[in-house]
Amino acid sequence: MFTTITENPEATKQLGGNLGRSLFPGSIVTLVGELGSGKTTLVQGIGQGLGINNIIKSPSFVIIHEYSGRVPLYHLDLYRLAGTEEISSLGYEEYFYEKNGIVAIEWAEKMKDLLPPEFLKIKLEIVNLSKRKITLESHGLSYNKVIEKLKRLSCFY
Ligand code: ADP
Ligand code: MG
């Protein structure tokens, strides 16, 4: 587990950038935190880390956005979806198991029972207007390595 505080949106993007450089093809990242906690901002950073030039927007209307970078990024936002049934109909398995990209899921708690056994969980908490507490928790050994690499890139020891 790894916890850090970011003091502004740029720092959250930078953390995301280092994360993007640490993830492997097939990685699944779940993002949990209230509206405005910085989930999309972090995904924008992941995109930068993957060399994606397009601006990553909040995909609240379109549920899945695909971006092509060094590794493809699939950005899912489940905010508008009600429950497991609606989520099952998305065809998300394809993104998890076949495409070999990086999958980032906002409001991932809504598909808790559908997640594969291994993923990286990121919890974002609002400390105040500009501070966010960001906690990374690995579920699976490969994500321990991701966190170790992220720490090295960020010079957190
Ligand atoms: P979410 O996707 O969780 O709803 P967003 O990333 O869309 O959140 O929005 C986060 C908002 O909080 C943005 O308006 C951003 O400018 C602001 N903000 C302030 N401080 C931070 C920070 N340290 N990290 C991320 N966002 C921050
Ligand atoms: Mg968002």
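Counting convention: from 1, in listed order, for ligands and their atoms alike. All of these numbers come straight from a predicted model, not from anything done at the bench.
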Less than 4.0 Å from some atom of ligand 1, heavy atoms are found in residues Thr6, Glu7, Asn8, Pro9, Thr12, Glu34, Leu35, Gly36, Ser37, Gly38, Lys39, Thr40, Thr41, Glu106, Leu129, Ser130, Arg132

For Ser27, the side-chain hydrogen bond (donor to acceptor under 3.5 Å, both in side chains) test, sequence neighbours excluded, returns none

Across all chains, not counting sequence neighbours, the side-chain hydrogen bond (donor to acceptor under 3.5 Å, both in side chains) partners of Lys145 are none

When you measure from the Mg ion (ligand 2) to the N, O or S atoms of Tyr79, does any of those distances fall below 2.8 Å? no

Electrostatic pair Glu148:Lys151 at N-O distance under 4.0 angstrom: yes

Worksheet item: Does Arg132 reach the side chain of Ile126, with side-chain heavy atoms less than 4.5 Å apart?
Response: yes

**Request:** Using atom types as modelled and distance alone, determine if a side-chain donor or acceptor of Lys110 lies under 3.5 Å from a backbone N or O of Tyr79.
**Result:** yes

Do the side chain of Lys133 and the main chain of Lys123 share a donor and acceptor less than 3.5 angstrom apart? no

Of all N, O or S atoms in Glu106, the one closest to the Mg ion (ligand 2) is OE1

Sorted by chain and number, sequence neighbours left out, ring-ring contact (aromatic ring centres under 6.0 Å, His included) with Phe24 holds for Tyr143

